[in-house]
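Labels below follow one simple rule: chain letters A, B, ... track the order of the sequence lines, proteins then strands, and each chain is numbered from 1.
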Number of protein chains: 2
Amino acid sequence: MALPDTRTKLLDAAERLFAEHGYRGTSVRAITDLAGANLAAVGYHFGSKAELLAAVARRVTEPITAAQSAGLDALLARTPDPTVAELVEAFAGPLFDGMPAGDESGARTSRLIVTILSDPAEEARSWTGPDEDAVGERYLAAFAQALPGLARQELLFRMRGILAVAAVDRVEVYNQPSPARPTATEGEEARNWAITFLTAAMSAPPTRA
Amino acid sequence: MALPDTRTKLLDAAERLFAEHGYRGTSVRAITDLAGANLAAVGYHFGSKAELLAAVARRVTEPITAAQSAGLDALLARTPDPTVAELVEAFAGPLFDGMPAGDESGARTSRLIVTILSDPAEEARSWTGPDEDAVGERYLAAFAQALPGLARQELLFRMRGILAVAAVDRVEVYNQPSPARPTATEGEEARNWAITFLTAAMSAPPTRA
DNA sequence: CCACGAGTCAAACGTTCGTTTCAATCGAAC
DNA sequence: GTTCGATTGAAACGAACGTTTGACTCGTGG
């Protein structure tokens with residue numbers, strides 16, 4: 001691990017390039033060049049470009065999903081009835097925490113999320129695994145308990161809204177030229193703004209039919 | 001206009017295919033095939049694939065921007081101090097109205113918006129023109145008046161949140177297989193949910209520093 | 001000392017891409 | 001009836017793509 005092996009270097013390079021230029025906009029040659037590896041290394045270690053994307057997506061989303069799950073565990077251990085604000089913090093927080101702003105890796109991570117989430121390439125679709133689904137279901141139940149009277153469909157809509165804000169927000173930030181990038185404190189600020197924004201949104205009374 | 005000319009047929013085909021498969025995932029050949037035109041027609045009428053995308057983006061965003069602008073005009077004509085709810089309705093409403101759900105064109109439009117908004121292709125960047133910027137500035141001022149005490153930066157963050165929810169929401173809907181697509185009443189429902197969600201979010205008190 | 005398997009390498013494969021070329025076509029103006 | 005500009009047609013261009021191949025390197029176990 002001191003010296004990253006070729007497989008890890010490929011994952012790093014692919015993560016960065018997929019985040020910057022999308023799946024289709026990134027060539028295998030660009031990945032292997034950045035990784036300092038041979039062109040055939042992708043085929044050897046991952047089988048194909050699409051499987052490399054899947055591996056990258058797994059590596060990026062796993063810690064976020066784990067943090068969301070652990071956050072809900074900690075919350076429920078403290079109280080059986082978490083507030084909406086607490087749930088939003090636990091659910092949306094990790095979506096921003098993967099991003100130590102100031103470091104490029106943060107914006108890269110979020111950029112990758114939205115890229116994968118919205119990439120029209122067939123290979124990028126249905127990237128969520130059973131883990132993501134399970135965590136989503138748990139939060140869905142917790143939010144339903146904290147928001148009685150809200151129809152399941154509308155609740156689903158609102159949880160998608162959380163993902164939308166968390167993911168898309170950083171796109172334009174990332175696209176800005178380097179000097180305009182957010183500093184570390186600005187990144188923290190954005191996180192707090194998002195929590196405020198989303199807590200209020202989630203707490204809204206049900207829409208009258 | 002009864003018989004659409006080649007140029008219009010190319011715009012229609014490109015809009016649909018860009019929305020479904022993204023800029024890079026759509027070949028010029030696929031566009032001309034769907035339009036029933038010759039391969040060289042894109043080069044002749046638009047110069048290049050990138051300029052065709054710009055023309056499509058312009059055609060899609062223009063009516064939305066116009067509706068947002070007219071909505072703000074109507075609002076300000078009625079009262080000098082619109083509420084946050086009224087502003088959200090006027091700003092976010094047109095983002096959903098371009099989408100007569102049940103018809104495919106709606107989902108296509110929103111899909112195209114998020115595709116263009118988040119497409120990592122350089123050609124798809126900086127697609128906003130002076131019109132979009134001007135409307136955004138006017139709403140920014142109106143929201144600032146309705147939300148005194150909110151820092152400009154946080155207000156900008158929240159307005160990006162509106163775009164995020166309006167655009168991303170429909171991505172997963174569109175990706176679902178046909179039978180699961182929303183019906184017309186479901187589309188109306190989503191619009192109302194979004195207004196509720198976003199009005200509450202925009203009305204949140206400023207984040208404490 | 002040798003044999004073996006994992007990993008790397010340069011090279012080439014066939015395909016698809018955006019664009020360009022130039023001849024053919026067509027309707028309207030003269 | 002002919003000329004002319006606008007448009008369309010078939011074909012080809014070079015470049016870039018993902019993938020595959022087969023030889024080579026090298027540390028390790030027999």
Donor-acceptor list for residues 39-49 of chain A side chains, cut-off 3.5 Å, not counting sequence neighbours:
{"unit_1": "A:Ser48", "atom_1": "OG", "unit_2": "A:Glu51", "atom_2": "N", "d": "3.3"}
{"unit_1": "A:Ser48", "atom_1": "OG", "unit_2": "A:Glu51", "atom_2": "OE1", "d": "3.1"}
{"unit_1": "A:Lys49", "atom_1": "NZ", "unit_2": "A:Tyr23", "atom_2": "O", "d": "2.9"}
{"unit_1": "A:Lys49", "atom_1": "NZ", "unit_2": "A:Thr26", "atom_2": "O", "d": "2.7"}

Identify each atom pair where a protein N or O and an N or O of nucleotides 26-28 of chain C are less than 3.5 Å apart, giving names and distance.
none

Report, one pair per line, the protein and nucleotides 18-22 of chain C atoms (nitrogen or oxygen only) whose separation is under 3.5 Å.
{"unit_1": "C:dG18", "atom_1": "OP1", "unit_2": "B:Thr26", "atom_2": "O", "d": "3.4"}
{"unit_1": "C:dG18", "atom_1": "OP1", "unit_2": "B:Lys49", "atom_2": "NZ", "d": "2.6"}
{"unit_1": "C:dG18", "atom_1": "OP2", "unit_2": "B:Val28", "atom_2": "N", "d": "2.8"}
{"unit_1": "C:dG18", "atom_1": "N7", "unit_2": "B:Arg29", "atom_2": "NH1", "d": "2.7"}
{"unit_1": "C:dG18", "atom_1": "O6", "unit_2": "B:Arg29", "atom_2": "NH2", "d": "2.8"}
{"unit_1": "C:dT19", "atom_1": "OP2", "unit_2": "B:Lys49", "atom_2": "N", "d": "2.9"}

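Rounding to the nearest 0.5 Å places CE of B:Met159 at 11.5 Å from CG of B:Leu198.
A side chain to side chain donor-acceptor pair (under 3.5 Å) check over residues 32-43 of chain A, counting only residues at least two apart or in different chains, returns nothing. For residues 64-74 of chain A, every residue pair satisfying the salt bridge (charged side-chain N to carboxylate O under 4.0 Å, His left out) rule, not counting sequence neighbours, is listed here: A:Asp73-A:Arg138.
Take A:Arg59 and apply the salt bridge (charged side-chain N to carboxylate O under 4.0 Å, His left out) test, not counting sequence neighbours, and it matches A:Asp12, A:Glu15.
Looking at heavy atoms from C-beta onward, A:Val165 lies out of side-chain contact with B:Arg160 at the 4.5 angstrom threshold. In this structure the side chain of A:Phe143 never reaches within 4.5 angstrom of the side chain of A:Arg158, judged on heavy atoms. At a threshold of 4.5 Å between non-hydrogen side-chain atoms, the residues B:Leu11 and B:Leu52 count as touching.
Rounding to whole angstrom units, CG of residue A:Leu10 and C1' of D:dG18 are separated by 15 Å. Between the CZ atom of A:Phe46 and the P atom of C:dT8 there is a distance of 11 Å, given to the nearest Å. If you measure from atom CG of A:Leu53 to atom C1' of D:dC17, you get 17 Å, rounded to the nearest angstrom. Summarising the geometry, the separation between OH on A:Tyr44 and P on D:dA23 is reported as 17 Å, rounded to the nearest angstrom. In this structure, the NE2 atom of A:His21 is 16 Å from the P atom of D:dA16, given to the nearest Å. Atom-to-atom, CD1 of A:Ile31 to C1' of D:dT19 comes out at 14 Å; the value is rounded to the nearest Å.
Remark: the backbone N or O of A:Val135 is not paired with any side-chain donor or acceptor of A:Gln68 at under 3.5 angstrom.
Contact annotation: B:His45 does not reach the phosphate of D:dA6 (side-chain N/O to OP1 or OP2, under 4.0 Å). An OP1 or OP2 oxygen of D:dT8 is reached within less than 4.0 angstrom by a side-chain nitrogen or oxygen of B:Thr6.
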